[in-house]
Amino acid sequence: MTPEAPKPLRESAPLLDSYLTYFEDVHLPFTIPGHKQKSARLDAGLGAVVDSDAPLYGGLDEIKLTHGTLKAAEKLAAELWGADFARFSTGGSTHANQAIILALGKPGDRVAVSRTAHRSVLSALVLADLEPIWMTPEIDLATGIPIGIGVAELERALTQKPIAVLLTEPGYLGTLSDLPALIAVAHRVNVPVICDAAWGGHFGFSSAVPQHCLQLGADALITSVHKALPGYSASALLLAQGSLLNLDRIEQSFETTHTTSPAGAPLASIDAARALLAQRGDQLLTELVANINAFKERVQSNFEQPIFLYTSDFPEGRFDPSKIVLRAHQLGASGVAIEKALIAAGVRVEMADNDTVVFLATLADSAEDFEKLAEILIPILKTQASTPRPSATSLSWSVVPTVGTSMRTAYFAQTEMVAASEAAGRVSADLIAPYPPGVAVVAPGEILTPQILDGLATTKAAGVRIAYATDSSLASYRVVKR
Ligand SMILES: Cc1ncc(COP(=O)(O)O)c(C=O)c1O
């Protein structure tokens, strides 16, 4: 007996259905968007890019949102994730982070923030005029990678009376803090816990992957539907619980910071990803993890030393088994050189630095894709392998910031450019981050120390892109004027 074909997602996804219906019907739009889905008449290339775009207003729903289609889809998402509140964003986790952070408190309030926070969290703190109490991640001695925030570190931060705790879970390399313990500590003093789970959209839908943070008791979850889930670029979900957070304020700041012309495709893709998880999440995630395990085993069998991160490297539930993190240092190879060889063979990876290469695998990858990747990767690794070396703890995880002035003060201050040789001891006006992971090595208002300046120069020389510095060559730095 052949297995029953899965039902088309549009049957249980109202926004996906309205997107598809829009293109099945005939329209004569005298509304935005200006391409009117017929700009191919002006140029085939332009048409290829824009003619499959339908807006929410006057596309997936009427201009007056008569059918409440977006609301219906968001309600289904709230139900699936077990949340009191859900909003779909076309502005990525960047926007979702900004929306929730703007809704937390009043200017001058403090928030406890993991130093592994994405730059969108830092920019939101500037917008909301909140002061960070930085929490430094613990580094796993065996693998040299950050494994989240320790309970003692959160307890230290809580003594400074933050109004909320902002965590990045999972971290960029797939590790997680002991979330139940952290949430219990914060909730003991009624402080809400907000998880930037940009990379964890698939969590909670199979026992093959960790639970999502709302299942573990957190108060809000932000995730990018275009990262671990098969969503449209920059599609994201903001989910929240109302016991410690003010949902009306979140709604208000979500609208304040979101576009008034959301594109329909990202919204429909969030709805479709939600329906996919509800319908087949468990089966697809179980298959994905099995395919990844088989892939790792096949590549690993060519080498003696462990060359990937494994769930067994971490306590139960503290590593995402769908993450493929290659430890180039264990091969004595350069992650950046491996990336170069992969690009030449037509493979793009999510991130590579000297010690690490991260491959993003999702529900969209088939067993054949992993076989192909193994066939390409194994000879590259064999060619590049030499003597294993210990991992150098990445600059992104090892800086303990020295604050010169508040982030917001530095953001609005008069600034000047100084030569790199003159920059030590000056207050940075820029946020500077190797990208990926986009974790700030220095934030506005923090002192440029020799460790940071040397570390940035070395990281850049190793072939990593240094993002957001005014002078990307790092010959000079933008600092606050004395
Ligand atoms: C932890 C984290 N949060 C937020 C973001 C921003 O996500 P988006 O690209 O969806 O705006 C990223 C992007 O890489 C991220 O790594």
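Read the numbers this way: they start at 1 and go in the same order the structure lists the ligands and their atoms. These numbers come from a predicted model, not from an experiment.
- In summary, the side chains of Ser93 and His118 do not present any donor paired with an acceptor at a separation below 3.5 Å, with no hydrogens or angles considered.
- Among all non-hydrogen protein atoms, the one lying nearest atom 16 (O) of ligand 1 is Trp199 NE1, 2.8 Å.
- Checked by distance only, ligand 1 and Asp196 come closer than 3.5 Å through their nitrogen or oxygen atoms.
- In summary, the aromatic rings of Phe203 and Trp81 are positioned with their centroids too far apart to meet the 6.0 Å limit.
- Taking atom 7 (O) of ligand 1 as the reference point, the nearest protein heavy-atom neighbour is Lys227 NZ, 2.9 Å.
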Check your understanding: Does the salt bridge (charged side-chain N to carboxylate O under 4.0 Å, His left out) test come out yes or no for Arg156 and Glu153, once each step is laid out?
Key -> CA-CA 5 Å; Arg156 182 192 61 76; Glu153 182 69 349; 3.0 Å; yes

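- For the pair Thr94 and ligand 1, the shortest N or O to N or O distance falls below 3.5 Å.
- The aromatic rings of Phe295 and Phe308 are tilted relative to each other, their planes meeting at an angle between 30° and 60°.
- Atoms of ligand 1 lying under 4.0 Å from any heavy atom of Thr168, numbered from 1 in the order shown and given with element: 1 (C).
- The distance from ligand 1 to the heavy atoms of Ser224 drops below 4.0 Å at these ligand atoms: 7 (O), 8 (P), 10 (O).
- At a heavy-atom distance under 4.0 Å, atoms from both the backbone and the side chain of Ser93 approach ligand 1.
- Ranked by closest heavy atom to atom 5 (C) of ligand 1, the top entry among Glu350, His118, His226, Glu169 is His118.
- A cation-pi arrangement, defined by a distance under 6.0 Å to the six-membered ring centre and an angle within 45 degrees of its axis, is present between Lys323 and Tyr172.
- Other residues, nucleotides and ligands contribute at most 12 non-hydrogen atoms within 6.0 Å of the CD atom of Glu316.
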